[in-house]
Asker: 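This structure is in structure tokens; I'll ask about it shortly.
When reading the values below, keep in mind they use all heavy atoms of this one structure, side chains included, and skip hydrogens, waters and symmetry mates. These numbers come from a predicted model, not from an experiment.
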Amino acid sequence: MRQLFGFLLLCAAAPLTAAEIHDDIDADTGWQVITAQAEQTKIRVVPAAGFNVFSIEYAGRELLKTPPALADLPGVSYGVPLLYPSPNRVRNAQFTFDGKTYHFDANDGTNFIHGLVHNVPWTVRRTEVDAHQAVIEAELVFAPGTKHYAAFPLEHTLRVTVTVRPEGVSWKYEVDNTHGKSKVPFGFALHPWILYQGERKNTFLTIPATQWMEAENLLPTGKLVDLEGTPFDARAAKSLEGFVIDDVYSGMQSEHPTVADFRDAGIQLSLDASDDFTHLVVYTPENKNWFCVENQTCSTDAHNLYQQGLKAESHLLVVEPGETLSGTVNYRIRDARGHKFSRWEKAIRKFEAQDRQHPPEVGGTLFVGSSSIRFWDLPKYFPDRPVVNHGFGGSQMIDSLYFADRIVLPYQPRTIVVYAGDNDIAGGQSPETVAKDFQRFARKIHAALPETKIVYIAIKPSLRRWNLYEQMAKANDLIAAFAETDERITYADIATPMLNEQGTPKPELFIKDGLHLSPAGYELWTSVIEPLLPRAN
């Protein structure tokens, strides 16, 4: 079975920490994949496939629709494709500018859609890292002998710089015509495929536009319509439930970002751009787990509208010979939790150092989670199994998710045993949040290791946190129900046997703090977990 990102699991690259960049080669395509991270924000980009940032993870949460295999990436169906020199549709796949007609290969009925640069290889010119950000700069030269030049025969260079910071990702484009001899008419856009983070009805979009562009067959007529009283008005936060559109907005301003508010997840994605990004395309189809919010420097079919004399409505940009034009788009991510992952960096680095000195056996059983895992003497209780203990005390489910790329996936375990959720509830997280974080953990594991089994140990009833157990039990029920939907996931009920006849925790299972397990507690856990693990060799 082909596994996307399988190359990441086999490489020996240095771990990513505050702000770092590394690159790997995908075994199936031979393409370079660059991974850049600044604290909790991480991206992956493929220069050979249109310099597409095809993955944005924030605190272990994937925000984009990613391809099932890397070979599927070229084009405009995944990640954040770059659109140039004609965002969206061009009527009849042609336009005329300065007396010259440009022809494209029709790929949307009789029209041409989404430009020339998303499925061609780019050249990386620069990477830089400092304490707070990671930067990747790439360029695409329009010169004779290239396919994109044949369709747009104007000698110039398109340069894009992607910067990763803890709070998000930004793109800067430059259209460099300093050595050109002709005007370059263009539009530039990003086309993100944004995953819903929770239910659609609890996802709200704020679009601070001033007008909507009237369209026929998805091509603007050039008429601008004030939003007041129209069904397209989302200047106040609007639920995406029932809001099904594929339309162009005009009048965007740099000081007023578009905001996607994922209220189930407590996350906001804010898309702000420089003043040249005057237009926005919003695509929210029914029955999909994604939607698109496309910052554009021009309208759809801008070249043809410009030719008709609709210069303001189209906002087509034109670079004179000897000049350069540039602009930026920023994706800023706000997490209501304000979770700090840096507190675990020392523990994670210790795991990595230990495992470099004594590499664990691939295909074994990996235990991950909070202190109940950390204090478990695994070789003593599972003497006949290759086991790895990656428990770090005080951690929550989201921490195991966030650090999975470093302390779980590289080991390619046959089975993962996870205990987390205890500290989450004690820290004020809801049962629903714990369950969703575990679901995200499981999906992340299975995206990379589809055959791996996951055993989730129920949140334990403890003496110290007995007053919280109603919430913990609810989280257990939600996770148990989720486990029923996937045969690769097992819910390990250690909670029931930890209760006495009165329905309260058995004191002998705990040490003096009333929270952590005694040897008797670990004996009980082992008796439940051992039968759920694959037969030892």
Side-chain angles (χ1 to χ4, degrees), residues 15 60 339-361 364-383 385-427 429 434 437-438 441-442 444-445 452-460 462 464-465 472 475-476 479 490-492 494-495 498 509-511 513-526 528-530 532-533:
H339 197 80
K340 301 296 184 184
F341 297 96
S342 57
R343 62 183 294 203
W344 307 121
E345 188 60 39
K346 183 177 180 180
I348 301 306
R349 284 181 175 271
K350 184 176 180 180
F351 290 144
E352 292 168 331
Q354 291 173 340
D355 295 338
R356 282 194 295 270
Q357 291 181 354
H358 305 286
E361 181 178 332
T365 300
L366 186 144
F367 289 69
V368 68
S370 59
S371 55
S372 293
I373 297 293
R374 179 190 171 199
F375 296 139
W376 202 343
D377 186 347
L378 297 179
K380 173 183 175 181
Y381 289 95
F382 301 94
R385 294 182 179 278
V387 291
V388 178
N389 190 326
H390 281 174
F392 46 117
S395 64
Q396 298 182 11
M397 188 69 247
I398 195 173
D399 296 306
S400 291
L401 168 65
Y402 176 67
F403 289 111
D405 284 325
R406 294 169 62 183
I407 64 170
V408 179
L409 297 182
Y411 302 85
Q412 302 182 63
R414 184 180 178 188
T415 305
I416 298 167
V417 181
V418 57
Y419 180 77
D422 201 326
N423 296 319
D424 308 50
I425 299 295
Q429 300 299 327
V434 176
D437 285 345
F438 172 71
F441 175 84
K444 182 180 184 70
I445 297 302
T452 293
K453 305 294 184 182
I454 300 174
V455 177
Y456 179 82
I457 300 176
I459 303 174
K460 67 181 183 291
S462 67
R464 184 168 165 182
R465 293 176 174 170
M472 295 175 175
N476 285 342
I479 292 172
T490 301
Y491 172 77
I494 52 80
M498 292 186 72
L509 301 180
F510 300 91
I511 61 176
D513 65 7
L515 178 62
H516 296 102
L517 297 178
S518 66
Y522 281 119
E523 288 285 357
L524 187 153
W525 278 31
T526 303
V528 174
I529 300 303
E530 174 68 36
L532 302 178
L533 302 182

Asker: Less than 4.5 Å apart, side chain to side chain, heavy atoms only: is that true for R414 and T452?
Answerer: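 No, side chains not in contact.
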Asker: Over all heavy atoms of both residues, which pair between G421 and V434 is shortest? Give the atoms and the distance, please.
Answerer: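 Taking G421 first and V434 second, the nearest heavy atoms are CA-CG1, 3.9 Å.
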Asker: For the residue pair N476 and Y456, confirm or rule out a side-chain donor-acceptor distance under 3.5 Å.
Answerer: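 No donor-acceptor contact under 3.5 Å links the two side chains.
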Asker: With heavy-atom distances below 4.5 Å as the criterion, would you say the side chains of Y522 and F375 are in contact?
Answerer: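 Sidechains of F375 and Y522: in contact.
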Asker: For R374, check salt bridge (Lys or Arg N to Asp or Glu O under 4.0 Å) against everything at least two apart and list the hits.
Answerer: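 Result, salt bridge (Lys or Arg N to Asp or Glu O under 4.0 Å) vs R374: none returned.
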Asker: Only counting residues at least two apart or in another chain, list the ones meeting ring pair (Phe, Tyr, Trp, His ring centres under 6.0 Å) with Y491.
Answerer: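 Per chain and number, Y491 pairs via ring pair (Phe, Tyr, Trp, His ring centres under 6.0 Å) with no residue.
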Asker: Can the ring centroids of F510 and H516 be said to lie less than 6.0 angstrom from one another?
Answerer: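 Distance test on ring centres: not under 6.0 Å, no.
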Asker: Would you call the rings of W376 and F367 parallel, tilted or perpendicular if under 30° counts as parallel and over 60° as perpendicular?
Answerer: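 Perpendicular.
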Asker: Decide yes or no for L524 and M498: does some side-chain heavy atom of the first lie under 4.5 Å from some side-chain heavy atom of the second?
Answerer: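 Side-chain contact under 4.5 Å: yes.
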Asker: Name the orientation class of the two ring planes belonging to F392 and F351 (parallel below 30°, tilted from 30 to 60°, perpendicular beyond 60°).
Answerer: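 It falls in the perpendicular class, over 60°.
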Asker: With rounding to the nearest 0.5 Å, note down the distance linking CD1 in I511 to OG in S518.
Answerer: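 So the CD1 of I511 and the OG of S518 are separated by 8.5 Å.
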Asker: Considering only heavy atoms from C-beta outward, does the side chain of D355 approach that of P360 to under 4.5 Å?
Answerer: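 When only atoms from C-beta onward are counted, P360 and D355 do touch, with a gap below 4.5 Å.
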Asker: side-chain contact (heavy atoms from CB on, under 4.5 Å) between N389 and L366: does it pass, once the steps are laid out?
Answerer: CA-CA 6 Å; N389 190 326; L366 186 144; over 6 Å; no
Asker: What closest approach, in Å, do L401 and G60 show between heavy atoms, and which atom pair accounts for it?
Answerer: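 That closest heavy-atom pairing would be CD1-O, 3.5 Å.
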Asker: Working to the nearest 0.5 Å, report the span between CD1 of I479 and CD1 of I457.
Answerer: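 That separation rounds to 12.0 Å.
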Asker: Is there side-chain contact between Y381 and L378, with at least one heavy-atom pair below 4.5 Å?
Answerer: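 No - every pair of side-chain heavy atoms lies 4.5 Å or more apart.
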Asker: With rounding to the nearest 0.5 angstrom, report the CZ to CG distance, R464 to L515.
Answerer: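 That separation rounds to 5.5 Å.
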Asker: Testing the basics here: between I459 and A475, what is the closest heavy-atom pair and its distance to 0.1 Å?
Answerer: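 Residues I459 and A475, closest heavy atoms: CD1-CB, 4.0 Å.
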Asker: Going by heavy atoms in the side chains, are I445 and L409 under 4.5 Å from each other?
Answerer: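 Yes, close enough: below the 4.5 Å cut-off.
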Asker: Using every non-hydrogen atom in the two residues, find where A458 and I494 come nearest and quote the distance to one decimal.
Answerer: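 Scanning both residues, the minimum pair turns out to be O-CD1, 3.3 Å.
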Asker: Looking at K380 and E523, is any side-chain nitrogen of the basic one under 4.0 Å from a carboxylate oxygen of the acidic one?
Answerer: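 Not counted as a salt bridge, because no side-chain N and carboxylate O are separated by less than 4.0 Å.
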Asker: Quick check for you: to the nearest 0.5 Å, what is the distance between L517 atom CG and T526 atom OG1?
Answerer: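 Interatomic distance, L517 CG to T526 OG1, rounded to 0.5 Å: 9.5 Å.
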Asker: Would you confirm whether the ring centroid of Y402 sits within less than 6.0 angstrom of the ring centroid of W344?
Answerer: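 No, the ring of W344 stays outside the 6.0 Å limit from the ring of Y402, centre to centre.
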Asker: Could you please spell out the steps behind the side-chain contact (heavy atoms from CB on, under 4.5 Å) verdict for N423 and R465?
Answerer: CA-CA 10 Å; N423 296 319; R465 293 176 174 170; 3.1 Å; yes
Asker: To the closest 0.5 Å, what do you measure between NZ (K453) and OG1 (T415)?
Answerer: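 Here the rounded value is 8.5 Å.
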Asker: Would you please test V368 and F441 for side-chain contact (heavy atoms from CB on, under 4.5 Å) and show each step?
Answerer: CA-CA 11 Å; V368 68; F441 175 84; 4.1 Å; yes
Asker: State, with a plain yes or no, whether a side-chain heavy atom of F341 is found less than 4.5 Å away from one of D399.
Answerer: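 They are in contact (side-chain heavy atoms under 4.5 Å apart), so the answer is yes.
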Asker: Restricting to non-hydrogen atoms, name the atom on S395 and the atom on S370 that form the minimum distance, rounded to 0.1 Å.
Answerer: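 Answer, listing the atom of S395 first, then S370: OG-CA, 3.4 Å.
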Asker: I need the minimum non-hydrogen distance between I454 and V418, along with the two atoms involved.
Answerer: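 Looking at all heavy atoms of both residues, the shortest contact is CG2-CG1, 4.2 Å.
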Asker: Regarding S372 and K460, do their side chains bring together a donor and an acceptor under 3.5 Å, going by distance alone?
Answerer: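 Short answer, yes.
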Asker: How long is the gap from CZ on F438 to CD1 on I398, to the nearest 0.5 Å?
Answerer: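 Answer rounded to 0.5 Å: 15.0 Å.
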Asker: Holding to salt bridge (Lys or Arg N to Asp or Glu O under 4.0 Å), I want the full list of residues that pass it with K444, two or more places apart in sequence or in another chain.
Answerer: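 E57, D405.
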Asker: For the aromatic rings, using the six-membered ring if either is Trp, is the centroid distance between Y411 and H390 under 6.0 Å?
Answerer: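 Judged by ring-centre distance (under 6.0 Å), Y411 and H390 do meet the cut-off.
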Asker: Do I416 and V455 have side chains that approach each other closer than 4.5 Å (heavy atoms only, starting at C-beta)?
Answerer: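 A side-chain contact under 4.5 Å is absent here.
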